[in-house]
Q: 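The structure that follows is given in the form of structure tokens.
The chains referred to below are lettered A, B, ... by the order of the sequence lines, with proteins before strands, and numbering in each begins at 1.
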Amino acid sequence: MKSTSIHPTQSNAFAEIIFLFGPTGVGKTELLLDLDPKKFSVINADSIQVYRYLDIGSAKASLEVRHSIPHHLIDIKDPWEQFSVGEFIAYADQAVASIHQEGKIPVISGGTAYYFKHFLYGLSEAPPSDEGVRLAVAQRIEQNGRAWAYEYLKQIDPISAQRIHPMDMYRVSRALEVYEKSKRPLSSFSLPDTPRNGMHPLVIGLMRESDQLRTRLALRIKQMFDQGLEDEIRSLLRMGAQMSWPGLQGIGYREFFQAMEHGEWSRSIIADQIERNSRLYAKRQMTFFKSFAQVQWMNADEKGEILTAIQWYLHPDCMSLQ
RNA sequence: GCCGCUUUAGCUCAGUUGGUAGAGCAAAGGACUGAAAAUCCUUGUGUCCUCAGUUCAAUUCUGAGAGGCGGCA
């Protein structure tokens, strides 16, 4: 792997890639500032930070940070556009290739565990989500009820029905959508379970004590309001923002739209809801991340150890001499 | 000061015609087949404010006290 190939930039298969993930508010962005921009570039793996105009609420890295170390996959979509894992993988592959081309190491950093999982293993061959079909399925579920939807799933795809909980309409409807689209049960498309292209990333999981994370989240949300989160919402409203916009499903946005539906905009209530939802989200993220294989868990404050781990990964022979 | 209402899980509150109690939210744990900041699952022992009385038995009834809310002074 240390071969001095004539085409070093083309050896995508075994090139170094670093995964950096952790729950919201753990301190990923702060850590990125310690990376040498001459050696590393960042690829964002956050499903909300891909959207333009969603800066404060999504806790996007500031322009200064992005100036000091390049970030890919930020501001690539408008908030009314749908984004998806499939697109993430395609864009991330491109970014990884171009970063390698520059002779640098890509650091994929973010909190969307689902994106990391499928970037590493790839997706099944099942057809991508189709908004039209999805709406049609949703309508039928609306008319006939959830029980009907699950019974129907049991008929067309008993294997998926066993895996999916009867109340989990998000997944039931995707399974029905796939059947509608391909006339094949979702479970007939197998899910890969080995890394794509022999990828062997360094997987760093950042963690913190839950009390500490809680305090940090509370502080961060306060700062978001100080930085003008409400102005950001108002300017989105001027753009015609609707609660249904995909980007606005993010925590820190949807709470405002829910509040407006009830005809009230109470700063303190909304702030509390954002805080609560962030905590719940952080918990779900941790649960997902914990299920990943070969994670090097590190305390987010131990920057020295994290950088050392990266050194080990990039130059194993060098380190072993010491 | 008087009158009324109120005190039950971390929070908001149900409830037991007297047999020691249960929802939502939170919290903890979990799932995750192209929307994933989404969607979903599991988990409920708490001096039922305190003391005394009635009773086989009181969180439930009676009395007194304490806290809260409201009205009248």
Side-chain angles (χ1 to χ4, degrees), chain A residues 21 23-25 44-51 54 57-60 77 79-92 110-119 121-135 137-138 141 146 149-150 153 157 159-179 181-182 184-193 210-211 214 217 220-221 224 244-255 257 269 272-292:
Chain A
F21 62 61
T24 185
N44 163 249
D46 181 300
S47 63
I48 301 297
Q49 291 180 12
V50 297
Y51 290 109
L54 309 185
S58 74
K60 210 178 268 176
K77 285 275 171 184
W80 54 86
E81 295 180 291
Q82 189 66 253
F83 189 65
S84 69
V85 221
E87 271 187 277
F88 171 78
I89 295 171
Y91 279 112
T112 306
Y114 197 59
Y115 288 3
F116 280 101
K117 179 181 173 182
H118 288 106
F119 180 78
Y121 295 108
L123 293 161
S124 79
E125 298 291 320
S129 182
D130 179 315
E131 211 159 341
V133 179
R134 200 166 77 215
L135 276 168
V137 169
I141 296 177
R146 294 169 164 218
Y150 189 70
L153 177 65
D157 186 354
I159 299 173
S160 292
Q162 201 165 27
R163 176 176 66 80
I164 299 169
H165 186 95
M167 283 298 142
D168 192 349
M169 280 306 116
Y170 190 92
R171 291 191 171 76
V172 170
S173 81
R174 150 106 272 236
L176 297 182
E177 173 196 321
V178 168
Y179 185 72
K181 201 84 209 234
S182 65
R184 278 178 59 185
L186 175 61
S187 57
S188 71
F189 299 94
S190 67
L191 193 66
D193 59 357
S210 71
D211 282 356
R214 202 191 184 89
L217 283 173
R220 190 170 80 164
I221 285 146
M224 284 179 181
S244 57
W245 285 9
L248 302 180
Q249 303 314 305
I251 297 162
Y253 298 97
R254 62 166 201 258
E255 291 83 359
F257 289 85
I269 292 175
D272 282 351
Q273 285 168 341
I274 294 175
E275 209 178 308
R276 177 176 57 92
N277 288 333
S278 299
R279 257 186 275 124
L280 293 170
Y281 176 49
K283 184 153 176 48
R284 268 180 276 136
Q285 286 176 300
M286 282 306 289
T287 303
F288 207 150
F289 289 142
K290 278 189 277 185
S291 73
F292 284 23

Q: Distance check, C1' atoms only: G70(B) and U8(B), in whole angstrom units.
A: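 About 22 Å, rounded to a whole number of Å.
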Q: Distance check needed: G24(B) C1' versus R276(A) CZ, whole Å only.
A: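 Going from CZ in R276(A) over to C1' in G24(B) covers 11 Å.
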Q: Just the rounded figure in Å: distance from C1' of U39(B) to NZ of K283(A).
A: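 After rounding, the gap between these two atoms is 17 Å.
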Q: Under the rule for ring-ring contact (aromatic ring centres under 6.0 Å, His included), what residues qualify as partners of F88(A), not counting sequence neighbours?
A: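 Testing F88(A) for ring-ring contact (aromatic ring centres under 6.0 Å, His included), a comparison that skips the adjacent residues, returns Y115(A).
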Q: With sequence neighbours left out, what residues match Y121(A) under ring-ring contact (aromatic ring centres under 6.0 Å, His included)?
A: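 For Y121(A) there are no ring-ring contact (aromatic ring centres under 6.0 Å, His included) partners, ignoring immediate neighbours.
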Q: Which is true for N277(A) with a 4.0 Å heavy-atom rule: it touches a base, it touches only sugar-phosphate, or it touches nothing?
A: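 N277(A): no heavy atom of the nucleic acid under 4.0 Å.
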Q: Could you check whether any side-chain N or O of Q49(A) sits under 3.5 Å from a backbone N or O of A59(A), counting only pairs where one atom can act as donor and the other as acceptor?
A: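 Side chain of Q49(A) to backbone of A59(A), a donor-acceptor pair under 3.5 Å: yes, one is there.
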Q: Checking Y179(A) now: which residues fulfil ring-ring contact (aromatic ring centres under 6.0 Å, His included) with it, not counting sequence neighbours?
A: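 Y179(A) satisfies ring-ring contact (aromatic ring centres under 6.0 Å, His included) with no residue once adjacent residues are dropped.
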Q: Using a cut-off of 4.0 Å on non-hydrogen atoms, how would the nucleic acid contact of K181(A) be classed: base, sugar-phosphate, or nothing?
A: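 Result for K181(A) = nothing.
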Q: Taking salt bridge (charged side-chain N to carboxylate O under 4.0 Å, His left out) as the definition, give me every residue that meets it alongside K117(A), ordered by chain and number, with sequence neighbours left out.
A: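 For K117(A), no residue satisfies salt bridge (charged side-chain N to carboxylate O under 4.0 Å, His left out) once neighbours in sequence are set aside.
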Q: What integer number of Å spans the C1' atoms of U12(B) and G71(B)?
A: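 Result for the C1' pair: 25 Å, nearest Å.
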Q: Measure from the ring center of F116(A) to the ring center of F292(A) and say whether it is less than 6.0 Å.
A: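 No, the ring of F116(A) stays outside the 6.0 Å limit from the ring of F292(A), centre to centre.
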Q: Under the rule for ring-ring contact (aromatic ring centres under 6.0 Å, His included), what residues qualify as partners of Y51(A), not counting sequence neighbours?
A: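 Residues passing ring-ring contact (aromatic ring centres under 6.0 Å, His included) with Y51(A): none at all.
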Q: Would you measure the distance from the P atom in C2(B) across to the matching atom in G10(B) and give it in whole Å?
A: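 That atom pair is separated by 34 Å.
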Q: Using the C1' atom on both, measure A26(B) against U43(B) and round to a whole Å.
A: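 My reading of the C1' atoms in A26(B) and U43(B) gives 14 Å.
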Q: How far, in whole Å, is U7(B) from C48(B) if one measures between their P atoms?
A: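 Nearest-Å result for C48(B) against U7(B) at atom P: 14 Å.
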Q: Hey, does T24(A) reach any base, or is it just sugar-phosphate, or nothing, if we go heavy atoms under 4.0 Å?
A: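 Contact class for T24(A): none.
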Q: Taking any heavy-atom pair under 4.0 Å as a contact, classify G247(A): base, sugar-phosphate, or nothing.
A: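 If one applies the 4.0 Å heavy-atom cut-off, G247(A) turns out to touch nothing in the nucleic acid.
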Q: List in chain and number order the residues that pass side chain to side chain contact (heavy atoms under 4.5 Å, CB included) with S187(A), two or more places apart in sequence or in another chain; answer none if no residue qualifies.
A: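 Here the qualifying residues are D157(A), I159(A), S160(A), P185(A).
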Q: Within the 4.0 Å limit for protein heavy atoms, which parts of nucleotides 31-36 of chain B are touched? Write it as a string from 5' to 3', B for base, S for sugar-phosphate only, - for none.
A: BBBBBB
Q: Just the dot-bracket of RNA chain B, please: which string comes out with Watson-Crick or G-U pairs under 3.5 Å, [ ] for crossing, | for another strand?
A: (((((((..((((.....[..)))).(((((.......))))).....(((((..]....)))))))))))).
Q: Applying salt bridge (Lys or Arg N to Asp or Glu O under 4.0 Å), which residue pairs with at least one partner in residues 278-289 of chain A are found, sequence neighbours left out?
A: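 Residue pairs with at least one partner in residues 278-289 of chain A: there are none.
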Q: Using atom P in both nucleotides, what's the gap between A23(B) and U62(B) to the nearest angstrom?
A: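 Here A23(B) and U62(B) have their P atoms 28 Å from each other.
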